[in-house]
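Just so it is clear, the structure is predicted and the values come from calculations on it, not from any experiment.
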Amino acid sequence: MKSLTLIAFLTLIILVCSCKKNHDNQTPVNPASSLIKSMIFTDTTEKYMSSMSFQYDSQGKVTQMIFDNPPDIDSLKYKYEYYSTMVIEKIFYRNNDKYGRTVYYLNSDGLAISETDMGYNHNGDSSVAQTVTYKYNTDGYMLEKKSYLFGDTATWMSSNWQIQNGNNASMSVSLSALGGGSVTENYEYYLNTTNTLGNTNIGMMFLGKSNTNLIKSSVTNNTPPKSGTYTYTFDSMNRISKEFLRGEGLMTSTVNLTYTYY
């Protein structure tokens, strides 16, 4: 009797451990919530072009970004401060304790509805370089970004998006200067993919939701049309490890990108 009881007890222990192990293995890891640690840009020969690296707080908000783009531009360090009604981005140049700053003003949903970019001239005096306004749909996707150069409302550039099924189906770019005009770029998506390259993945949720899926291709409506193609490789957690862009559309240039995550 004791032998049977011991066998039953050991069997129960094995079953419990087995169930726990299976449960752990089946716990889904959402790649869309992964925070990007670095982005490295290379040309098609894998020659280094530039890079970006990120740090975050415990809530996944970006606190620091370093942009390295040699040899033409010194490394820039971006630091972020968060308040209830605004996000302040401070931009430091190498070996320079003075900084430019961007102030994003937030609505009650925590989304940026306007932006003021401040810079420094050679005398160290601050000046307005650009102001921006943003609009969103009720789901939190950005619909419009309109930039005014030097605070002049007569000189602007506007980007407008059409949202379908959680993706930006198209983007139109309009200019007030250089004779005006508008160009629209349409996008096709890999619908069975998860986008791990959005605003959430770099801690900038205040700029709205990002595409649900990954872009497959793009084409503009100008003459002649300009097109782009996007291909990806993935790591063991189904996150994008490499992105290959080919083309010359509004959002496409020929470049390779490599991603690492926390």
Side-chain angles (χ1 to χ4, degrees), residues 23 25-42 44 52 54 56 60-62 109-112 134-145 158-174 182-262:
H23 176 73
N25 288 341
Q26 293 175 2
T27 302
V29 176
N30 182 7
S33 64
S34 297
L35 295 172
I36 292 175
K37 184 176 184 180
S38 68
M39 300 167 54
I40 301 173
F41 299 76
T42 60
T44 55
M52 301 171 72
F54 304 86
Y56 308 89
K61 298 177 180 178
V62 65
D109 295 320
L111 297 175
Y134 298 94
K135 294 181 181 178
Y136 305 83
N137 67 9
T138 55
D139 294 323
Y141 288 91
M142 189 180 294
L143 297 179
E144 180 185 83
K145 176 182 178 180
S158 180
S159 298
N160 296 79
W161 292 269
Q162 296 291 326
I163 309 300
Q164 293 181 6
N165 301 318
N167 293 315
N168 295 322
S170 67
M171 179 181 72
S172 298
V173 176
S174 304
S182 177
V183 177
T184 298
E185 186 167 71
N186 294 286
Y187 303 99
E188 183 182 0
Y189 289 82
Y190 295 101
L191 296 180
N192 61 339
T193 60
T194 299
N195 181 20
T196 64
L197 308 178
N199 292 333
T200 299
N201 309 104
I202 56 172
M204 295 184 181
M205 293 80 80
F206 57 89
L207 293 177
K209 292 183 179 179
S210 301
N211 294 326
T212 299
N213 305 120
L214 295 171
I215 297 175
K216 181 178 182 179
S217 62
S218 62
V219 61
T220 64
N221 69 342
N222 56 336
T223 303
K226 299 183 182 299
S227 61
T229 60
Y230 300 68
T231 55
Y232 310 87
T233 60
F234 302 86
D235 64 14
S236 59
M237 295 177 62
N238 203 33
R239 303 172 300 191
I240 292 89
S241 57
K242 286 194 173 183
E243 182 180 18
F244 307 92
L245 280 62
R246 300 291 183 268
E248 53 180 353
L250 293 178
M251 298 294 291
T252 312
S253 59
T254 297
V255 66
N256 299 334
L257 293 91
T258 300
Y259 299 90
T260 64
Y261 298 83
Y262 282 98

Please confirm whether the backbone N or O of T194 pairs with a side-chain atom of N213, one donor and one acceptor, at under 3.5 Å?
no
Going from OG on S210 to CG on N199, what distance comes out if it is rounded to the nearest 0.5 angstrom?
3.5 Å
With no hydrogens and no angle check, is any side-chain donor or acceptor of N221 less than 3.5 Å from a backbone partner on T184?
yes
Near-ring test Y262/Y56, centroid separation under 6.0 angstrom:
yes
Check the pair Y261, K37 against side chain to side chain contact (heavy atoms under 4.5 Å, CB included), reporting the backbone distance first and the verdict last.
CA-CA 5 Å; Y261 298 83; K37 184 176 184 180; 5.6 Å; no
Where T200 and A32 come nearest, the two heavy atoms and their spacing
CG2-O, 4.4 Å
From L197 CG over to L257 CG, what is the distance, rounded to the nearest 0.5 angstrom?
8.5 Å
If only side-chain N and O atoms count, and only distance matters, is there a donor-acceptor pair under 3.5 Å linking S158 with N160?
yes
OH/Y136 to NZ/K209 distance, rounded to the nearest 0.5 angstrom?
13.0 Å
Given F244 and T254, is the side chain to side chain contact (heavy atoms under 4.5 Å, CB included) satisfied, shown in steps?
CA-CA 8 Å; F244 307 92; T254 297; over 6 Å; no
Minimum heavy-atom distance G60-M205, with the two atoms named:
O-CE, 3.9 Å
Would you please test N211 and Y141 for side chain to side chain contact (heavy atoms under 4.5 Å, CB included) and show each step?
CA-CA 9 Å; N211 294 326; Y141 288 91; 5.7 Å; no
Does N201 reach the main-chain N or O of I36 with its side chain, forming a donor-acceptor pair under 3.5 Å?
no
Closest approach of V183 to T220 (non-hydrogen atoms, all atoms of both residues)
CG1-CB, 4.1 Å
OG1 on T138 to CG on D109, rounded to 0.5 Å:
10.5 Å
Under 3.5 Å: donor-acceptor pair, side chain of D235, backbone of M237
yes
Approximate separation, where rounding is to 0.5 Å, of M52 CE and F41 CZ
6.0 Å
Minimum-distance pair of heavy atoms, taken over all atoms of T258 and K242:
OG1-CE, 3.6 Å
Begin from the C-alpha positions of T44 and R246 and carry the test side chain to side chain contact (heavy atoms under 4.5 Å, CB included) through to its verdict.
CA-CA 10 Å; T44 55; R246 300 291 183 268; 3.6 Å; yes
Regarding Q162 and S170, is there a side-chain donor-to-acceptor distance under 3.5 Å anywhere?
no
Do side-chain atoms of E185 reach the backbone of L250 as a donor and acceptor pair under 3.5 angstrom?
yes
Is the backbone N or O of N168 less than 3.5 Å from a side-chain atom of Y189, with the two atoms forming a donor-acceptor pair by type?
yes
Under a 3.5 Å cutoff, is there a donor and acceptor pairing between the side chains of T252 and Y230?
yes
Does T260 use its side chain to pair, donor to acceptor, with the backbone of S38 at less than 3.5 Å?
yes
Spacing of T233 atom OG1 and I240 atom CD1 [to the nearest 0.5 Å]
9.0 Å
Could you tell me which non-hydrogen atom of L111 sits nearest to which non-hydrogen atom of G140, and how far apart they are?
CD1-CA, 4.2 Å
Between T193 and L214 (side chain of the first, backbone of the second, donor and acceptor by atom type, cut-off under 3.5 Å), is there such a pair?
yes
Which residues share a side-chain hydrogen bond (donor to acceptor under 3.5 Å, both in side chains) with Y259, sequence neighbours left out
E243
S217 side chain vs T229 backbone, donor-acceptor pair below 3.5 Å:
no
